[in-house]
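Sequential numbering from 1 along the given sequence is applied to the chain's residues. Computed over heavy atoms, backbone and side chain alike; hydrogens, waters and symmetry mates excluded.
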Amino acid sequence: MYTFMHFHSLSKTGSAPVLGPNSKNSARLSSIDALRGLVMVIMALDHVRDFFHVDAAVFSPTDLTRTTPILFFTRWITHFCLPVFMFAAGMGAFLWGRSRSKRELSRFLLTRGLWFIFLELTVMQFAYNFNFHFRFLILLLILWIFGICMAAMAALIYLPLRWLALLSVAVIFFHNLFDGIRPQQFGSYAWAWNLLHQPGIIPVAGKLVLVTYTFLPWIGVMGAGFCFAQIFLMEPPVRQRLMLRMGSALTIGFVVLRAINNYGDPLKWMHQKSAVFTLLSFLNTTKYPGSLDFVLMTLGPATLLLAWFDRKTFKASNPMIVFGRVPMFYFVLHFYLIHILLVIASFIRYGAQTLTFIFNPIPSMGGPIKLFPANFGYSLWTVYAVWIWTLLILYPICRWFANVKATRKKWWLSYL
């Protein structure tokens with residue numbers, strides 16, 4: 001998932017500056033780090049669920065005909081991750097580029113974007129599958145969409161800021177007008193629509209490539225974050241009031257638009273068997289591609305939370321700050337750790353039989369369910385326990401690496 005390169009805290013040499021506790025820069029950067037770190041903690045829960053939950057490959061946790069309220073909310077709370085990461089990436093790019101030329105910022109965005117795409121196609125594919133033979137699916141997930149959006153932003157930053165803001169908002173608000181267009185309508189160019197707006201599977205050189213995150217609307221969210229970051233050039237009381245107003249407006253806008261139930265999401269909410277499930281239906285917005293309702297539902301509360309964090313002082317040892325300052329390192333490491341924990345749990349449960357299936361992509365990640373034992377996976381409570389253990393293991397490692405990035409001026413550290 002992320003502002004992964006921690007754009008706004010990199011010095012010209014690629015290392016994060018050490019800021020004093022009373023620095024205005026420190027306060028504003030810490031608030032963004034804390035928000036990003038919080039959603040990174042939440043993100044790990046969703047990925048543990050993907051790997052460990054017994055029903056992860058059987059049905060979607062947002063399928064109201066089969067889910068439970070706790071399973072639904074386990075998935076729903078993680079909906080905040082991608083929009084916040086995208087928005088924060090835009091903010092970070094703006095703040096990083098303030099003391100640099102447009103050319104430097106453009107080059108930074110392009111090289112990091114290409115690096116992310118490379119990592120998605122190599123390092124992350126092995127993290128998903130634990131083998132080098134991609135017989136089933138090649139997954140284009142988080143780093144892929146970050147990469148292509150960063151590469152696009154390398155060109156878009158040359159637009160006047162007001163025009164970039166208008167374009168970004170237009171993409172977010174109006175991309176749902178294209179929901180009725182299907183890839184098949186483009187014939188041999190159907191793949192282009194899969195990349196742009198409609199998730200799907202694309203055949204490439206005899207392989208099947210699954211595209212889940214599309215260019216629209218996420219380039220709009222990243223661009224909006226870039227423009228929004230101007231707010232951090234204002235005095236704290238002023239920007240905090242503006243963030244409260246904007247966050248409230250976005251949140252209220254979601255409630256009103258969702259209640260009208262006419263535009264903003266292809267999935268309409270309906271009255272269900274109980275008030276609780278009716279609420280779930282109301283909150284069950286579309287992530288693939290992220291609908292207008294989805295973006296408002298997540299970025300509204302996130303902006304309110306950012307305003308609150310902007311008033312607080314965080315210790316360097318706070319887990320949100322630690323994780324938020326090494327997002328790329330955390331992201332790659334947490335996938336490998338979760339998968340390793342699944343291998344260990346499988347050996348404990350299945351013994352030597354584990355070797356017959358474990359080094360294949362798990363069913364929820366595109367692997368064939370027939371290779372795995374019946375009822376493969378664990379309860380939701382086990383998912384939560386593994387999630388906590390994952391965070392406990394990651395914390396000291398990420399704290400060490402955050403200190404390395406803060407104290408060593410090596411250009412290659414900006415890629416981790």
Side-chain angles (χ1 to χ4, degrees), residues 1-2 4 43 46-47 49-52 56-60 82 86 110-152 181-216 218-219 286-290 328 331-340 342-343 346 354-373 376-377 415:
M1 302 173 214
Y2 285 91
F4 284 119
M43 174 189 66
D46 194 42
H47 295 152
R49 182 191 59 79
D50 281 334
F51 278 85
F52 274 83
V58 179
F59 64 88
S60 167
L82 183 59
M86 280 290 183
L110 179 60
T111 55
R112 270 53 177 186
L114 294 176
W115 173 240
F116 283 9
I117 293 172
F118 172 78
L119 289 178
E120 182 68 84
L121 295 174
T122 55
V123 174
M124 294 312 300
Q125 296 303 312
F126 186 75
Y128 306 146
N129 302 331
F130 267 16
N131 69 51
F132 292 105
H133 304 289
F134 306 137
R135 295 177 293 160
F136 305 108
L137 279 177
I138 297 174
L139 305 177
L140 299 184
L141 301 179
I142 302 297
L143 293 187
W144 158 261
I145 191 59
F146 265 86
I148 61 173
C149 286
M150 285 181 188
I181 300 176
R182 293 291 175 259
Q184 295 77 10
Q185 296 175 235
F186 296 91
S188 60
Y189 294 97
W191 59 269
W193 194 243
N194 288 131
L195 296 176
L196 186 65
H197 187 262
Q198 184 67 49
I201 295 178
I202 303 173
V204 178
K207 303 290 185 181
L208 296 179
V209 178
L210 175 63
V211 178
T212 56
Y213 298 109
T214 57
F215 189 64
L216 300 177
W218 300 117
I219 185 59
T286 302
K287 183 178 182 179
Y288 307 105
M328 173 59 118
F331 179 77
V332 174
L333 190 61
H334 98 287
F335 256 111
Y336 276 89
L337 176 58
I338 291 169
H339 207 158
I340 290 170
L342 179 65
V343 172
S346 297
T354 301
L355 294 174
T356 65
F357 63 84
I358 199 62
F359 296 111
N360 288 285
I362 60 174
S364 63
M365 301 296 285
I369 197 168
K370 63 182 180 181
L371 288 181
F372 288 76
F376 176 76
Y415 285 85

Exceeds 12 heavy-atom contacts within 6.0 angstrom, atom CZ of F59: yes
Atom CH2 of W191: over 12 foreign heavy atoms under 6.0 Å: no
Indicate yes or no for a side-chain donor-acceptor contact from [X] to the backbone of [Y] under 3.5 Å, with no hydrogens or angles considered.
X: W193; Y: I181; result: yes
X: S346; Y: T354; result: no
X: Q184; Y: A190; result: no

For the [atom1] atom of [X] and the [atom2] atom of [Y], what is their distance to the nearest 0.5 Å?
X: Y213; Y: L139; atom1: OH; atom2: CG; value: 11.0 Å
X: F376; Y: L371; atom1: CZ; atom2: CG; value: 11.5 Å
X: L333; Y: I340; atom1: CG; atom2: CD1; value: 8.0 Å
X: Y288; Y: T212; atom1: OH; atom2: OG1; value: 6.0 Å
X: L216; Y: L195; atom1: CG; atom2: CG; value: 11.0 Å
X: M328; Y: L119; atom1: CE; atom2: CG; value: 4.5 Å

Aromatic ring pairing F51/H339, orientation class (parallel under 30°, perpendicular over 60°, tilted between): tilted
Parallel, tilted or perpendicular: ring planes of F357 versus F372, cut at 30 and 60 degrees: tilted
Side chain to side chain, [X] and [Y], heavy atoms closer than 4.5 Å:
X: F52; Y: I338; answer: yes
X: M43; Y: D46; answer: no
X: E120; Y: Y128; answer: yes
X: Q198; Y: T214; answer: no
X: F130; Y: I358; answer: no

So which heavy atom on [X] is nearest to which on [Y], and how close?
X: Y336; Y: V123; value: OH-O, 2.7 Å
X: S364; Y: D50; value: OG-O, 2.5 Å
X: I202; Y: V211; value: CD1-CG2, 3.7 Å
X: N129; Y: P361; value: OD1-CB, 3.2 Å

Could you list the donor-acceptor pairs under 3.5 angstrom formed between side-chain atoms of residues 141-151 and any protein atom two or more places apart in sequence or on another chain?
none

Residue that, paired with F118, satisfies side-chain contact (heavy atoms from CB on, under 4.5 Å) out of L114, L121, T122: T122
